[in-house]
Amino acid sequence: MPITPANGLSADTAAAPSQEESAEPIMLELVDEDGRTIGTAEKLSAHIAPGRLHRAFSVFLFDDEGRLLLQRRALEKYHSPGVWSNTCCGHPYPGEPPFVAAARRTGEELGIAPALMREAGTVRYNHPDPASGLVEQEYNHLFVGIVRAEPRPVPEEIAETAFVTPAELDALRARLPFSAWFMTVLDAARPVVREVTGDAAGW
């Protein structure tokens with residue numbers, strides 16, 4: 001299970017702004033329990049306890065061997081810094097289709113484009129982050145795909161990456177912190193994960 005540190009920006013990812021460093025406030029879509037848009041809110045305000053239900057996405061990318069690409073969130077992030085999580089997650093801009101947002105953010109954070117990416121349903125959850133006190137009240141759109149390019153993570157967003165088998169994931173989770181939402185979104189995406197990776201991968 002090689003872990004690759006993020007150690008610099010490539011020429012084509014250097015221009016991608018960090019969501020958290022943008023001069024303009026980042027707005028999210030607020031939704032009802034059925035996922036219908038009911039308004040917008042500034043990103044941080046939507047995460048202050050008790051949180052406001054908003055649209056999000058989570059991406060799970062696998063290599064051709066069926067290993068999941070994980071990222072460790074950068075220590076500078078205000079929310080869940082330094083913890084391991086799924087390949088990519090984030091929030092669509094108001095009016096942006098979740099699939100488009102997932103592909104965009106994967107490129108911005110990891111410098112890669114999936115060779116395949118498909119929808120894997122939605123999941124709604126309420127997860128407080130004990131470290132920051134912020135709350136994830138999310139209606140999350142799930143995506144599963146294949147990646148064949150080498151990740152080129154942006155250090156401001158990602159500290160490290162690793163491709164893991166299910167057994168390696170279990171060992172990593174036993175000794176290192178993961179995001180509060182990780183297992184919720186992984187379990188919800190598993191049916192499509194198995195379709196994409198095949199039975200031999202063990203997911």
Side-chain angles (χ1 to χ4, degrees), residues 17-60 68 70-106 108-110 119-144 154 156-160 169 172-193:
S18 165
Q19 272 193 331
E20 296 177 8
E21 293 180 358
S22 173
E24 295 295 322
I26 297 169
M27 304 300 292
L28 311 183
E29 277 190 356
L30 300 177
V31 300
D32 64 16
E33 293 291 341
D34 296 313
R36 293 184 292 252
T37 302
I38 59 172
T40 61
E42 188 275 328
K43 181 179 178 181
L44 180 58
S45 71
H47 290 86
I48 294 173
R52 303 177 72 185
L53 184 60
H54 58 274
R55 195 178 310 283
F57 63 82
S58 289
V59 179
F60 296 85
L68 171 61
L70 298 177
Q71 64 156 282
R72 187 166 74 89
R73 294 164 64 85
L75 293 173
E76 296 79 12
K77 294 180 79 69
Y78 74 88
H79 188 1
S80 301
V83 302
W84 286 91
S85 198
N86 50 292
T87 307
C88 181
C89 57
H91 309 91
Y93 296 129
E96 182 181 29
F99 186 95
V100 173
R104 170 182 59 78
R105 196 65 187 147
T106 300
E108 290 174 354
E109 289 192 3
L110 289 151
E119 295 181 0
T122 59
V123 63
R124 190 260 196 258
Y125 52 77
N126 174 5
H127 283 309
D129 173 36
S132 67
L134 300 175
V135 177
E136 290 288 7
Q137 287 267 17
E138 294 191 331
Y139 187 93
N140 198 311
H141 297 254
L142 308 173
F143 300 94
V144 174
V154 176
E156 289 80 5
E157 299 289 345
I158 298 173
E160 301 172 90
L169 174 60
L172 206 61
R173 288 185 59 236
R175 61 187 181 86
L176 295 174
F178 271 69
S179 63
W181 62 87
F182 176 76
M183 286 307 301
T184 299
V185 292
L186 175 58
D187 286 343
R190 278 187 199 274
V192 176
V193 168

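Small disclaimer: the values here were computed from a predicted structure and weren't measured.
- Other residues, nucleotides and ligands contribute only 12 or fewer heavy atoms inside 6.0 Å of the CZ atom of Arg52.
- Here the CG atom belonging to Asn140 is positioned 9.5 Å from the OG1 atom belonging to Thr184, to the nearest 0.5 angstrom.
- Residues Gln137 and Asn126 are in side-chain contact: their nearest non-hydrogen atoms beyond the backbone lie under 4.5 Å apart.
- Interatomic distance, Ser80 OG to Arg72 CZ, rounded to the nearest 0.5 Å: 13.0 Å.
- Contact check for Asp129 versus Val83: no side-chain heavy atoms found under the 4.5 Å cut-off.
- Considering only heavy atoms from C-beta on, Arg73 stays 4.5 Å or farther from Pro81 through its side chain.
- Summarising the geometry, atom CD belonging to Glu109 is positioned 9.5 Å from atom CZ belonging to Arg104; distances are rounded to the nearest 0.5 Å.
- Taking both residues in full, the closest heavy atoms of Pro128 and Ala180 are given as O-CB, 3.8 Å, listed atom of the first, atom of the second, then distance.
- Ring geometry, Tyr139 versus His141: the interplanar angle exceeds 60°, so the pair is classed perpendicular (tilted spans 30 to 60°).
- For the pair Gln71 and Trp84, the minimum side-chain heavy-atom distance is 4.5 Å or more.
- Proximity of Asn86 to Trp181: side-chain heavy atoms (C-beta onward) are separated by under 4.5 Å at one or more points.
- Here the side chains of Glu138 and His47 are in contact, with some heavy-atom distance below 4.5 Å.
- Minimum heavy-atom separation, Asp32 to Leu53: O-CD2, 3.5 Å.
- In this structure, the ring of His91 has its center no less than 6.0 angstrom from the ring center of Tyr93.
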After noting the C-alpha distance and the side-chain angles of Phe60 and Val192, does the key distance pass the side-chain contact (heavy atoms from CB on, under 4.5 Å) rule? CA-CA 10 Å; Phe60 296 85; Val192 176; over 6 Å; no
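- Of all heavy-atom pairs between Ala189 and Leu142, the closest is N-CD1, 3.8 Å.
- Counting non-hydrogen atoms of neighbouring residues, nucleotides and ligands closer than 6.0 angstrom, the CD atom of Glu42 exceeds 12 such neighbours.
- Taking each heavy atom of Pro94 and Met27 in turn, the nearest pair found is CD-O, 3.2 Å.
- Using a 4.0 Å cut-off between charged nitrogen and carboxylate oxygen, Glu157 and Arg105 count as a salt-bridge pair.
- With rounding to the nearest 0.5 angstrom, the CZ atom of Phe178 is 5.0 Å from the CG atom of Leu169.
- When every heavy atom of Ser58 is checked against every heavy atom of Cys89, the shortest pair comes out as OG-CB, 3.9 Å.
- Annotation for Thr87 and Leu110: closest pair O-CD1, 3.4 Å, computed over non-hydrogen atoms.
- Between the CG atom of Leu28 and the CG atom of Leu44 there is a distance of 10.0 Å, given to the nearest 0.5 Å.
- For the pair Cys88/Phe143, no side-chain contact is recorded, criterion being any heavy-atom separation below 4.5 Å from C-beta on.
- Atom CZ of Arg36 is separated from atom CZ of Arg55 by 11.0 Å, given to the nearest 0.5 angstrom.
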